[in-house]
2 protein chains.
Amino acid sequence: MTRSLKSALRPAQGGGEMPEQMMTARALKAAVSHGNGLLEKLLDALQADVTERLLSQATLHDVDVGETLIERSVRSESVGYVLDGTLAMVQVLEDGKKHIVGLLVPTDIFGRLFDGTANYRIEALSAARILCFPRAFFEQVLRDNPEAERLFLVHLLDEVDAAREWLLLMSGRKAVNRFASFLSILLRRSKSKRIGGQAVVHVPLSRKDLAHYLGARPETLSRAFHELEGKGILRIIDPGHFEVLDKQALIDASGDDLTLDD
Amino acid sequence: MTRSLKSALRPAQGGGEMPEQMMTARALKAAVSHGNGLLEKLLDALQADVTERLLSQATLHDVDVGETLIERSVRSESVGYVLDGTLAMVQVLEDGKKHIVGLLVPTDIFGRLFDGTANYRIEALSAARILCFPRAFFEQVLRDNPEAERLFLVHLLDEVDAAREWLLLMSGRKAVNRFASFLSILLRRSKSKRIGGQAVVHVPLSRKDLAHYLGARPETLSRAFHELEGKGILRIIDPGHFEVLDKQALIDASGDDLTLDD
DNA sequence: CGATGTGGTTGACAACGATCAATGTCCCCT
DNA sequence: AGGGGACATTGATCGTTGTCAACCACATCG
């Protein structure tokens with residue numbers, strides 16, 4: 001649980017495991033090309049030889065649930081790109097209390113550039129696959145390519161906006177509202193993945209983590225979406241997958257409170 | 001209340017008002033030099049002649065309480081710097097509901113650079129004095145000065161962190177906790193202003209706005225800090241000024257976090 | 001195969017906060 | 001000075017949610 005960057009991000013010692021970090025640059029490029037996150041945009045903007053060199057320095061890592069990738073107040077020497085799984089940004093207070101302040105899903109990038117140290121811990125909420133770039137090299141690429149750096153800057157502007165969107169979500173009054181907002185955002189973000197005609201949303205968090213993130217208790221959450229299920233807005237496939245039956249009603253439920261009379 | 005950017009940020013027509021936008025560059029520099037925000041750092045990093053030119057293009061504006069400076073989804077042609085007063089970033093939902101998602105206090109900069117349009121409205125919560133730079137010129141300065149652009153980038157990283165800090169504040173605890181957190185942050189941010197030996201915090205928001213921002217009702221807030229006053233943690237001077245009597249107790253009162261155990 | 005542990009759900013109850021209503025204060029306006 | 005309005009506060013009541021508890025499904029392990 002408290003394994004630090006040093007062990008978590010060091011290439012796996014030659015053991016029984018497949019040495020995945022030796023993937024070819026082409027294979028890596030294929031692995032990231034499906035998304036439309038920052039990294040893809042950066043790779044598009046760079047000269048072919050630069051992307052080649054950047055990818056050649058990348059290493060692939062498997063992390064287990066609960067592993068800490070980057071510890072707070074520690075200067076990380078890597079920049080990470082999420083291929084698979086879910087990570088959390090965890091704010092750790094002095095007295096040891098923790099709070100999830102953000103999620104990292106596939107195509108997200110993490111790791112503080114240019115300046116200072118991380119302000120929160122990066123922790124795996126599920127098993128995950130991570131692509132790691134040497135931070136110094138990554139920074140140098142940005143320095144050498146103003147256009148890429150501007151992409152990064154615009155990306156940061158978007159991140160600030162996203163953070164404020166979460167703020168808006170959190171200010172939702174009732175727990176049902178917050179959960180509905182959360183599902184709506186997840187639905188919007190991952191609309192590429194559809195199963196059949198219906199939209200199935202994968203919630204990559206345990207009940208406890210999700211409740212914590214949304215500022216509620218597992219019990220309250222449970223009641224929240226069983227209420228939504230009762231309204232016919234969604235169907236609980238298993239505690240991790242929700243089928244959204246009525247998208248508009250879900251959005252409505254995230255805004256104003258449901259009229260509970262029927 | 002709904003005056004748009006066009007009227008609010010256009011140099012005041014020659015009328016009875018003092019033409020304040022004609023301040024000398026030296027006077028402007030003096031006006032911003034007291035803080036340690038982004039703008040000061042940028043001016044420090046730039047060549048003297050560049051800062052001179054930048055400041056020569058700045059205009060000073062007085063805004064009244066309730067004025068809208070930048071409308072959502074409108075591309076602003078200005079970058080603003082808060083000299084005095086308090087502005088709010090207001091998210092406007094489709095149904096006309098509004099929500100404050102961030103505050104702007106003196107030395108803060110606002111206005112989206114390089115890309116796209118504003119995602120929220122900028123609204124004055126109190127009378128304020130704003131310094132405006134032409135956006136295009138501001139961007140050009142950053143383009144021409146990589147060091148300045150990097151300062152801006154690091155500033156954005158800080159903003160993301162700040163937004164997440166607010167998220168931490170907002171997350172589901174009791175109203176007293178949120179208010180105590182809020183005061184703590186304000187206390188930390190404006191520690192330069194002290195009156196006598198005691199710390200007096202100026203809360204630049206009406207009860208309604210503050211309640212809205214903290215996700216509570218005015219009534220609840222009122223009870224919250226009268227509770228803190230009863231405990232001897234602070235003293236209410238007037239509904240806008242609080243004297244913090246026991247800083248540590250205030251921080252403790254903000255502490256009751258939902259615990260996310262390991 | 002039962003013992004044990006973990007995560008999710010459900011129920012009962014109390015605490016917290018929203019809502020409604022009333023009062024007081026200050027400021028602006030005529 | 002008097003009246004209207006905005007704002008802050010206080011009290012009463014009710015809905016929502018946190019808390020404590022039990023229960024269930026399921027996986028792991030001896």
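Each chain gets a letter, A, B and so on, in the order the sequences are listed, and its residues count up from 1. What you see is a predicted model, and the numbers here were worked out from it, not measured in a lab. As a basis for the values below, the full set of heavy atoms in this structure was taken, side chains included, without hydrogen atoms, waters or symmetry mates.
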Main-chain N/O of [Y] paired with [X] side-chain donor or acceptor, under 3.5 Å:
{"X": "Thr220(B)", "Y": "Ala216(B)", "value": "no"}
{"X": "Ser181(A)", "Y": "Asn177(A)", "value": "yes"}
{"X": "His212(A)", "Y": "Lys98(A)", "value": "yes"}

* Asked: Would you call Glu159(A) and Arg164(A) a salt bridge, taking side-chain N to carboxylate O under 4.0 Å as the test?
  -> no
* **For His99(B), side-chain hydrogen bond (donor to acceptor under 3.5 Å, both in side chains) partners two or more places apart** => Ser171(A)
* Residues in side-chain hydrogen bond (donor to acceptor under 3.5 Å, both in side chains) with Arg207(B), at least two apart? -> none
For nucleotides 22-26 of chain D, tabulate all protein N/O to nucleotide N/O atom pairs closer than 3.5 Å, reporting atom names and distance.
none

* Quick one: label Gly240(A) by what it contacts on the DNA or RNA (base, sugar-phosphate, nothing), any heavy atom closer than 4.0 Å. => nothing
Nearest whole angstrom, please: distance from the [atom2] of [N] to the [atom1] of [X].
{"X": "Leu210(A)", "N": "dG7(C)", "atom1": "CG", "atom2": "P", "answer": "15 Å"}
{"X": "Arg178(A)", "N": "dT16(D)", "atom1": "CZ", "atom2": "P", "answer": "14 Å"}
{"X": "Asp209(A)", "N": "dT6(C)", "atom1": "CG", "atom2": "P", "answer": "15 Å"}
{"X": "Leu221(A)", "N": "dT19(D)", "atom1": "CG", "atom2": "C1'", "answer": "15 Å"}
{"X": "Asp238(A)", "N": "dG7(C)", "atom1": "CG", "atom2": "P", "answer": "16 Å"}

* To do: Only pairs at least two apart or in different chains count here, so list each salt bridge (Lys or Arg N to Asp or Glu O under 4.0 Å) that has a residue in residues 208-230 of chain B.
  => Glu227(B)-Lys231(B)
* Asked: Can you list the residues that meet the ring pair (Phe, Tyr, Trp, His ring centres under 6.0 Å) rule with Phe179(B), with sequence neighbours excluded?
  -> Phe225(B), Phe242(B)
List for me each residue that meets side-chain contact (heavy atoms from CB on, under 4.5 Å) alongside [X], sequence neighbours excluded, and say none if there are none.
{"X": "Ala249(B)", "answer": "Ile233(B), Asp246(B)"}
{"X": "Leu167(B)", "answer": "Trp166(A), Leu167(A), Met170(A)"}
{"X": "Ile237(B)", "answer": "Val200(B), Arg235(B), His241(B), Glu243(B)"}

Set out, line by line, the N/O atom pairs under 3.5 Å between protein and nucleotides 12-15 of chain C.
from, atom 1, to, atom 2, distance (Å)
dA12(C), N6, Arg223(A), NH2, 3.3

* Structure fact -> Bend of the helix from dC1(C)-dG30(D) to dT30(C)-dA1(D) from end-axis comparison, five pairs per end, nearest 10°, comes to 30°
* Answer yes or no: does a side-chain N or O of Arg173(A) lie under 4.0 Å from OP1 or OP2 of dT19(C)? => yes
Give every pair of a protein N or O atom and an N or O atom of nucleotides 6-9 of chain D that lie under 3.5 Å apart, one pair per line with the distance.
from, atom 1, to, atom 2, distance (Å)
dA8(D), OP1, Arg207(B), N, 3.2
dA8(D), OP2, Arg207(B), N, 3.1
dT9(D), OP2, Arg207(B), NE, 2.5
dT9(D), OP2, Arg207(B), NH2, 3.3
dT9(D), O5', Ser222(B), OG, 3.4

* To do: Could you check Val201(A) against Val244(A) for side-chain contact (heavy atoms from CB on, under 4.5 Å), going step by step and ending with a plain yes or no?
  => CA-CA 7 Å; Val201(A) 182; Val244(A) 176; 3.9 Å; yes
Just distance, no hydrogens or angles: give the donor-acceptor pairs under 3.5 Å from side chains in residues 84-91 of chain B, sequence neighbours left out.
from, atom 1, to, atom 2, distance (Å)
Asp84(B), OD2, Arg129(B), NH1, 3.2

